[in-house]
Amino acid sequence: MRLSQTFTKTRKDAPADETSKNAQLLIRAGYIDKELAGVYSYLPMGLKVLENIKNIVRDEMNALNSQELIMTNLQSPDLWKSTGRWDEKSVDVWFKTKLQDGTELGLAWSHEEPILNMMQQFITSYRDLPTSVYQFQTKLRNELRAKSGIMRGREFVMKDMYSLHASQKDMDQYYERVIEAYKKIYSRLGIGNDTFVTFASGGSFTKFSHEFQTICDAGEDTLYVSDDKTIAVNKEVLDDATQELGVDKSKLNAVITAEVGNIFKFGTEKSEKMNIKYTDSDGVRKPIYLASYGVGITRVMGVIAEKYSDDKGLVWPENIAPYKVYLARLGESNEVIKASDETYKSLQKAGVTVLFDDRDVRPGDKFADADLLGIPFRLIISEKTIRNGKYELKIRTDETPVMIELDKLIKRLANQA
RNA sequence: CAGGGUGUAGCUUAGUUGGUAAAGCGCCGGGCUGGGGGUCCGGAGACCGGAGGUUCAAGUCCUCUCACCCUGACCA
């Protein structure tokens, strides 16, 4: 993409009404725009980041043989009434609306009931199990208070997966595979080392659920972690969980974290309430075992923005950066224009995503934008680099650049997909 | 939802005891520049969140209201 053709602009000042680091940086860089409190639009480059995160998650879900679909945002109250979750005393984040004829509708804050109801049409026999489906969906939640930029909004993107099984054992085994897949996801997203699988409250269906919590100052949770990082317990279940695990809680250290994923087993509780059943090999109708698995996609983006940034701006991990290279042309001579145009084409041809700063602005503006946007590699083409016959490459996190030949450069950048 | 705070140009802000709005950034035109948001000249851009009230006169005082932020509560 040529920067001269993008409509977004960077800015020096963050809006006064944004105090969270993630929103300040993302708005300054032109990745997102605030529409309402807790409601953000994703602009072209922000969307690229979001899609990159989704693609990593999608990849791992597909590897679990889960099938992607997409459910609706308008929901019928009937299903939710069957599980007692239409009542605002039970679920206090509902947005509710009406059709013109007065029929009540709910706006999707979750999709458990609708997705399971839909699945019942197809899953009727033990031969149909196990199966697993997932989606990336916009959830609408009437939170009393939105906060922390895109980390806790009233409208956000979530990946939710649901697995259906004929037995507890099968569900347990799949659940373990999902934990491993989640670990891979967070590792590929660049936050693996700071993300813990934790024991958390299981709500009414199971004693504990597992949360994936990432160390982040802007987070809302407190985790107690063992020195070797193998045990992590959410504060809300500290006493119960340490007792269950036989761990001395005084040996655990508190850290502030943000919840980036939550998985839990419903077992047969929910399918019994919703009457979701299959016919087993013995001809008996039995409730389906269910488990569900979420990843807060937009929240992950916020957490990464919080964690990977410095005083100059964002520092995207390579896997999710909107572009891999920021190609800055310094100078407006025909020679420099020609050389940079050619490099732009060569990189694209090699499959390297490039944001080409072809604007006629001062070098300082380009350096500042390259840093603020957080593109992993900055490549400079100028009279100087042309004279040297080499290109100047700087990694976002490095202080000093290196000089490199084009073929080596392309090899280096193209190999890092 | 409770408590606290803030609304003035696209953004960040200033605005005195009430007298019809000022600057920086950004934007437009031009000059000098050209490796870390440079500089100079000229210009456009705001019915001061909204409604009502007090007053000869309201950005400023009063009432109501809306929005946004923070702390807490809440958070399958």
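Chain identifiers are assigned alphabetically (A, B, ...) following the order of the sequence lines, protein sequences preceding nucleic acid strands; residue numbering begins at 1 within each chain.
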Using a cut-off of 4.0 Å on non-hydrogen atoms, how would the nucleic acid contact of [X] be classed: base, sugar-phosphate, or nothing?
| X | value |
| --- | --- |
| A:D360 | base |
| A:T10 | base |
| A:D371 | base |
| A:V93 | nothing |
| A:T385 | base |
| A:R329 | nothing |
| A:A328 | nothing |

Go through the N and O atoms of the side chain of [X] and the base of [N], and report whether any donor-acceptor pair is under 3.5 Å.
| X | N | result |
| --- | --- | --- |
| A:R152 | B:rC74 | yes |
| A:D365 | B:rG36 | no |
| A:D369 | B:rG37 | yes |
| A:R11 | B:rU12 | no |
| A:E392 | B:rG35 | yes |

Within this structure, what is the [atom1]-to-[atom2] distance between [X] and [N], rounded to whole angstrom?
| X | N | atom1 | atom2 | result |
| --- | --- | --- | --- | --- |
| A:D13 | B:rG24 | CG | C1' | 9 Å |
| A:M151 | B:rC75 | CE | P | 18 Å |
| A:E220 | B:rA73 | CD | C1' | 12 Å |
| A:I380 | B:rG34 | CD1 | P | 17 Å |
| A:I337 | B:rG34 | CD1 | C1' | 14 Å |
| A:R154 | B:rC1 | CZ | P | 11 Å |
| A:R145 | B:rG4 | CZ | C1' | 11 Å |
| A:D92 | B:rC1 | CG | P | 12 Å |

Exam field: side chain A:R152 to backbone A:K147, donor-acceptor pair closer than 3.5 Å: no

Assign each of A:E332 and A:E236 to its nearest nucleotide of RNA chain B by heavy atoms, then name whichever residue's nucleotide is nearer the 5' end. A:E332

Result for 5'-nearest mapping on RNA chain B, choosing between A:P15 and A:E143, is A:P15

What's the gap between B:rA9 and B:rG5 when it is taken at their P atoms, as a whole Å value? 23 Å

Distance, C1' atom - from B:rC25 to B:rU20, rounded to whole angstrom: 27 Å

Is A:E104 salt-bridged to A:K98, cutoff N-O under 4.0 Å? no

At a heavy-atom distance below 4.0 Å, what parts of residues 17-47 of chain A sit against RNA chain B? A:D17, A:T19, A:R28, A:K34, A:L36, A:A37

State, without any angle test, whether A:Y182 and A:H210 hold a side-chain donor-acceptor pair at a distance under 3.5 Å. no

Applying the side chain to side chain donor-acceptor pair (under 3.5 Å) criterion to A:E211, which one of A:T257, A:N262, A:N234 satisfies it? A:N234

Applying a 3.5 Å limit to both distances, which nucleotide forms a Watson-Crick or G-U wobble pair with [N]?
| N | result |
| --- | --- |
| B:rG3 | B:rC70 |
| B:rA22 | B:rU13 |
| B:rC64 | B:rG50 |

Please work out which of the three classes, parallel, tilted or perpendicular, describes the rings of A:Y293 and A:Y175, given edges at 30° and 60°. tilted

